[in-house]
Number of protein chains: 2
Amino acid sequence: MSSIREVAKLAGVSPATVSRVMNGTANVVPEKRERVLAAIAQTDFVPNEVARTLFKKSAKTIGLIIPSIRNPYFTQLADFLDALAEQNGYRLSLYNVGRDPEKQRAAIQMLVAANADGVIYAAETDVLHESLKSCPIPVVALDTRLSGEYAQACIYADYYQGARLAMEHLLDCGCKSIVCIKGPQQVYSARCRYEAYRDVCCERGLAEQTVTCEYDFGEGLAVTETLLERFPAVDGILACNDIVAISAYKVLHQRKIAVPQQIQLVGFDDIDLSTLLSPELTTVRQPLREMAEKAMEQLIRRDNETEMKKEFMFPVVLIQRETTKRRGTEQ
Amino acid sequence: MSSIREVAKLAGVSPATVSRVMNGTANVVPEKRERVLAAIAQTDFVPNEVARTLFKKSAKTIGLIIPSIRNPYFTQLADFLDALAEQNGYRLSLYNVGRDPEKQRAAIQMLVAANADGVIYAAETDVLHESLKSCPIPVVALDTRLSGEYAQACIYADYYQGARLAMEHLLDCGCKSIVCIKGPQQVYSARCRYEAYRDVCCERGLAEQTVTCEYDFGEGLAVTETLLERFPAVDGILACNDIVAISAYKVLHQRKIAVPQQIQLVGFDDIDLSTLLSPELTTVRQPLREMAEKAMEQLIRRDNETEMKKEFMFPVVLIQRETTKRRGTEQ
DNA sequence: CATACATATGAAACGGGTTTCAAACATTGA
DNA sequence: TCAATGTTTGAAACCCGTTTCATATGTATG
C-alpha cells in the first residue's frame, strides 16, 4: 500500500535514495541507508512491480504458449521452464490456447502489452497469425518448427527418426500389420511421425493403415475402437503420443486383447505416466529438459548472437518397455 | 511500440480522445473516431497494459497458488479456473510453489506487487506465512481450510466423509486388513482423510495400519513396497489420492497381486486418469468444477458481501469402479 | 436573440519506481 | 590554500494510458 515516496518521507530522504538503497544501484551513506531500511521494514513496503515494469519496459517475464494444460507433456515442459525462468530471475507466464488461432493471437498481444521479454511458442494451428511476424519481442518455437519470419529459433526433436525407430522396432518384433494413429496434422511433430510411418510402409511394401486423433484421452478411446473395426488384423499400433497410446491400451485391455502378445504398442514422449501403466509403455523419448534449457537460453542469453536463424534438432531414443516384445539379448 | 501519443498525433487529436475511442468511455464525434481507428490500424497500436494497470491499480488478474503443476489434480483445477477467469475478463496467473513457505510468501508478494485482484490459495505448508494475514488483496482458500484471519472464504469438500465412504465400502466388500496411505499431514484434506480412517478403525475395533506419502508417483511406489512388507496380511488399501493409488496398483501388478481379488484399492479425487487405469480406479469424487466456480465467484462478485467469514463444504461421492469388488445389486 | 444546458475535447495531473542531471559536499594533489 | 576530481543526493523528467477539469462548441428554451 505504501509508496516509495512515503518511505522516503519517513526516512527523511528523497525517493531516489530509497530506490538506490533497494536496488544497490549507487552508494548511499551508511547512516541514510539504515534509516531507509528501517522505514521500509516499518511500513511493510513492497515496491510496485507494475511501476517498475512500466519504466524499465521489461516485466522480467517469459510467456509460454501451450495448447493444453491438461496434457502432461506440456505440463512437464512448463515445470522445467518455470524452474529455469526462476533461476534466471524471470517469471513464466502460461497461456493455455488450445488450437484456437484467435486465442493464440490474443496471448501474443497480451504478452507484448504486458512488456514480457520473450515468448516460447509450443502451440500450433494451421493458421499462424501475422502477429507473430511483427512481434516486437523474441519468439522461440519449442516442440515445433516455424519459418524464420515467425521465430528467431526453433527447438525440436528428431520426430521423424523417432517414428522410424518405433516402426523398425515393431517390425523387428514381428508385427505384420501396423496401424498408425496420426496426431493432428497441423502439428509439426505429428506430421513428421506420420511421414516416417508412411516412408517405412513404402520401403517395406506395407499398406498404410491410419486413423487420426487429437491428443486427448477421450478421443484416443474412440479412435482405438474405430481402428479395431477398420483393421481387424492389426498386430501393432504406432500411437502419436503417450496419452493416445495409454487410451489405446485401455481399449485393448477391455477387449481382452493381450499386449504385447496379440498387439504391440508404441507411444511417443515418454511422459511420467508411461512407466506407471501396467504393462509399462514402450515409447520414444526426447530430451525434454535439454530442449527446455536451450529454449530458455535462446531467449535470455541473446548477447553475442549472430543474427542468423537458429534451428536445434535434438536426438531421440527408443525406450523399450513392456508393450512390445523384447528383442536383442532378451528375446 | 507506438504509444497512444503517437496515435493521437497521427489522428490529429489528443491522447484523451484516443483513450475514449478505445474504451468507449465517452462520446467522440464520428469523424474523429474514424481518424483514430484508422491511426490505430495503421500503427498496429496495442495499448500498454502495464501503464493501464498502474493507473487503475488492477491487473485484472487472479493468482493461483498450487503445490505442483505436475499433479493432474491441480492441473485440472487450473484449467477450470483459467476458463472461468477468462469468462470474467481476468487472467489466471499460476504460481508453482511446492510446499516451500518461502516460495509461497514470494508468490503472494509478487501478486500484490503486480496489482493482482485476488488470490486462490490451493497450496499448503505447516507454516502459514504472516504475509497472508496482512495481504491487501482478497484471498480465497481452495481445497483447504484456513482460519478467518488468513482467507476471506474457504472452499473445500467433505474429505472426512469421503474417507468414511471409502472405508465403509472396503469393509462392505469384505476387507479385514485395511492399510491407509496417509498424505502429507500438513495438508488439510489429507488430515481429514486420515481422521476418518482412524475413527472407522476405532469404531470397528480394527488396528490402525498406516504409512505416509507425498503426492508423487515415485514416492507412491516406494511406500507401497514398504506397506506390503510391514503389513503382509493387507487386503485393502485406502490411498490418499489417485496418483498414489495408481502407483500402488503398479506395484501390486508387478508383484502379481490381483486387484481387486487379493487386495482392493480406493483412491481420492477422481482425476481423469483414474478411468484410464486398467482396472479402472474406485475413488471418491469431489465436485471440482463447482468448487472452482465458487472460488472465482467469491473473488470476483464480492459486491453485496456480508463481512462474515464464509465456509463452503461440498459433498463428495464414492465412485465404484473396478479396483474394489462390486457390492449391492451387482454382487 | 440571449440564457441555460448538454456535449465534445484537449491540457494536465496522476499512478509509482527509476534515472538523469546538476548541485552540494568531500577528498586529493599541488 | 586553491583547483581538480570524486562522491552523495534530491528535483524533476520519464514510462504511458486514464481521468479530471475547464474550455469550446452546439442545441434548446424563453
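Throughout, protein chains are lettered first and strands after them, A, B, ... in sequence-line order, and every chain is numbered starting at 1. On a predicted model such as this, the values are computed, not experimentally measured, just so you know. The figures that follow rest on heavy atoms only: side chains count, while hydrogens, waters and symmetry mates do not.
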>> Please determine whether a side-chain nitrogen of the Lys or Arg among B/K294 and B/E290 lies less than 4.0 Å from a carboxylate oxygen of the Asp or Glu.
In response: no
> So what does B/V28 hit on the nucleic acid, given a heavy-atom distance under 4.0 Å: a base, only sugar-phosphate, or nothing?
Replying inline: sugar-phosphate
>> Quick check on contacts: within residues 55-62 of chain A, what sits under 4.0 Å from DNA chain C by heavy-atom distance?
In response: A/F55, A/K56
>> Against B/V7, only a single residue in B/V21, B/I40, B/L37 fulfils side chain to side chain contact (heavy atoms under 4.5 Å, CB included); can you say which?
In response: B/I40
> Taking only residues two or more places apart in sequence, or in another chain, which ones meet A/Y156 in a ring pair (Phe, Tyr, Trp, His ring centres under 6.0 Å)?
Replying inline: A/Y188
> Any side-chain donor paired with an acceptor under 3.5 Å for A/Y121 and A/Q104?
Replying inline: yes
> With no hydrogens and no angle check, do the side chains of A/S58 and A/D117 hold a donor and an acceptor under 3.5 Å apart?
Replying inline: yes
> A/I120 versus A/M296: any side-chain heavy-atom pair under 4.5 Å?
Replying inline: yes
>> Could you tell me the boundaries of the chain B footprint on DNA chain C, defined by atoms under 4.0 Å from its heavy atoms?
In response: C/dA8 to C/dG16
> Between B/R145 and B/E311, is there a salt bridge with N-O shorter than 4.0 Å?
Replying inline: yes
> side chain to side chain donor-acceptor pair (under 3.5 Å): which pairs involve residues 2-16 of chain A, sequence neighbours left out?
Replying inline: A/S14-A/T17
> B/K32: what forms a salt bridge (Lys or Arg N to Asp or Glu O under 4.0 Å) with it, not counting sequence neighbours?
Replying inline: none
> Which two nucleotides bound the region of DNA chain D that has atoms under 4.0 Å from heavy atoms of chain A, read 5' to 3'?
Replying inline: D/dT8 to D/dC16
> Does A/D79 have any salt bridge (Lys or Arg N to Asp or Glu O under 4.0 Å) partners at least two apart in sequence or in another chain, and if so, which?
Replying inline: B/R70
>> Check A/E49 with A/K60, please: is the shortest side-chain N to carboxylate O separation under 4.0 Å?
In response: no
> Quick one: are B/L10 and B/R35 in side-chain contact, heavy atoms under 4.5 Å?
Replying inline: no
> To the nearest 10 degrees, what angle separates the axes at the start and end of the helix from C/dC1-D/dG30 to C/dA30-D/dT1, five pairs each?
Replying inline: 50°
> Taking atom CZ of B/R191 as the centre, does the number of heavy atoms from other residues, nucleotides or ligands within less than 6.0 Å exceed 12?
Replying inline: yes
> Is it true that the side chains of A/R33 and A/N27 contain a donor and an acceptor less than 3.5 Å apart?
Replying inline: no
>> For A/R289, I'd like to know if atom CZ has over 12 heavy atoms of other residues, nucleotides or ligands within 6.0 Å.
In response: no
> Got a sec? Which of residues 3-21 of chain B come in under 4.0 Å of DNA chain C, heavy atoms?
Replying inline: B/V13, B/S14, B/A16, B/T17, B/R20
>> Taking side chain to side chain donor-acceptor pair (under 3.5 Å) as the definition, give me every residue that meets it alongside B/N96, ordered by chain and number, with sequence neighbours left out.
In response: none
> With sequence neighbours left out, which residue pairs that include part of residues 82-98 of chain B fulfil the salt bridge (charged side-chain N to carboxylate O under 4.0 Å, His left out) condition?
Replying inline: A/K103-B/E86
> Near DNA chain C, under 4.0 Å by heavy atom, which residues of residues 33-44 of chain A?
Replying inline: none
